[in-house]
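As structure tokens, the structure follows; a few thoughts come after it.
Every number for a ligand or one of its atoms is a count from 1 in the order of the listing. The basis for the numbers below is simple: all heavy atoms, side chains too, and nothing from hydrogens, waters or symmetry mates.
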Amino acid sequence: MNPLEIVKSPVEIDPDNFELKGSPVVFLNRTLGELADIFLDKNGATLIPSATPVYTVHSWLPVREWTPGGLFFGTSTIMPGKVGNEYFMTKGHFHELADRSEFYWGIQGKGVLILMDRDRNTWGEEVYPGSLHYIGSEIAHRLANTGDDNLVVGACWPSDSGHNYEEIAINGFSARLVEIDGKPVLVPQKNILN
Ligand code: M6P
Ligand code: ZN
């Protein structure tokens, strides 16, 4: 950059679909085939084509991962849909440096941000255009789409937070977000496991 020059930022949010445009942008597409394990209804998952996208993520990583003091930015788009009666959702994670926090904010659509603390207490926050969510340290976070349209959520997290998926892969969240009588309900995992 030259002194006194006014330039465009290399990355911007596409106002039409809220995806990130520019360079460098990392794109990730999570299909049902690779996520089938996170849903309770394994048989229900086999009824949906495995190539079906459940969510996509566009991320701008302006610094190397693990750089202290930096920030990453992403937009997640969770598609509408259910496996059995469980809403399409993200894998969810704690941070590898577990005291690192994160902001999420609702951009489009509707859903629930599912949060779980280290004592395995799980609760949710409603996500809608304009909703703002502070995810404090040691809190696992997962997004579920409860609407009929795409759920788009912005995220900003520290570049040295990392992702700890293992704990969620092994123990899951202590509650699942399912549709009961047309409404999203958090149901304790032990009560719906056979
Ligand atoms: C947000 C951020 C990212 C995360 C993405 C998808 O954009 O929290 O760090 O990777 O959502 O969520 P997950 O990693 O749980 O699949
Ligand atoms: Zn995170």
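Taking CZ of Phe18 as the start and OG1 of Thr75 as the end, the distance is 9.5 Å to the nearest 0.5 Å. The distance from the OG1 atom of Thr122 to the CG atom of Leu115 is 8.5 Å, given to the nearest 0.5 Å. The structure places CD1 of Ile6 at 11.5 Å from CE of Met1, a figure rounded to the nearest 0.5 Å.
The distance criterion of under 3.5 Å between nitrogen or oxygen atoms is not met by Gly74 with respect to ligand 1. Taking any N or O of His93, backbone or side chain, at least one lies under 3.5 Å from an N or O belonging to ligand 1.
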Self-check item: Step-by-step side chain to side chain contact (heavy atoms under 4.5 Å, CB included) determination, Leu113 to Ile135
Solution: CA-CA 10 Å; Leu113 170 59; Ile135 302 162; 4.1 Å; yes
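Remark: at the Zn ion (ligand 2), atom NE2 from His93 and atom NE2 from His95 enclose 110°, rounded to the nearest 10 degrees.
From the protein, the heavy atom lying nearest to atom 10 (O) of ligand 1 is His163 NE2, 3.2 Å. Glu102 OE2, 2.6 Å is the protein heavy atom nearest to atom 8 (O) of ligand 1. With hydrogens left out, the protein atom closest to atom 6 (C) of ligand 1 is Val57 CG2, 3.7 Å, a heavy atom. Scanning the protein heavy atoms around atom 14 (O) of ligand 1, the nearest turns out to be Tyr165 OH, 2.4 Å.
Glu166 and Asn164 share no side-chain donor-acceptor pair at under 3.5 Å.
Counting only residues at least two apart or in different chains, side chain to side chain donor-acceptor pair (under 3.5 Å) contacts with residues 128-152 comprise His93-His141, His95-His141, Ser101-Tyr134, Glu102-His141, Arg118-Glu138, Glu125-His133, Ser131-His133.
The nearest N/O/S atom of Glu102 to the Zn ion (ligand 2) is OE1.
Residues Phe73 and Trp105 bring their aromatic ring centres within 6.0 Å.
Below 4.0 Å from some heavy atom of Ser76 lie the following atoms of ligand 1, by number and element: 1 (C), 5 (C), 7 (O), 11 (O). Annotation for ligand 1: atoms under 4.0 Å from non-hydrogen atoms of Tyr55 are 6 (C), 13 (P), 16 (O). Against a heavy-atom cut-off of under 4.0 Å, Ala155 is close to the following atoms of ligand 1: 1 (C), 2 (C), 7 (O).
Backbone or side-chain N, O or S atoms of His163 do not reach the Zn ion (ligand 2) at under 2.8 Å.
Taking every heavy atom of both residues into account, Val178 and Tyr87 meet most closely at C-CE1, 3.6 Å.
Contacts with ligand 1 closer than 4.0 Å are made by no heavy atom of Phe72, backbone or side chain.
Aromatic ring pairs are classed by plane angle as parallel below 30°, tilted from 30° to 60° and perpendicular above 60°; the pair Phe39 and Phe88 is tilted.
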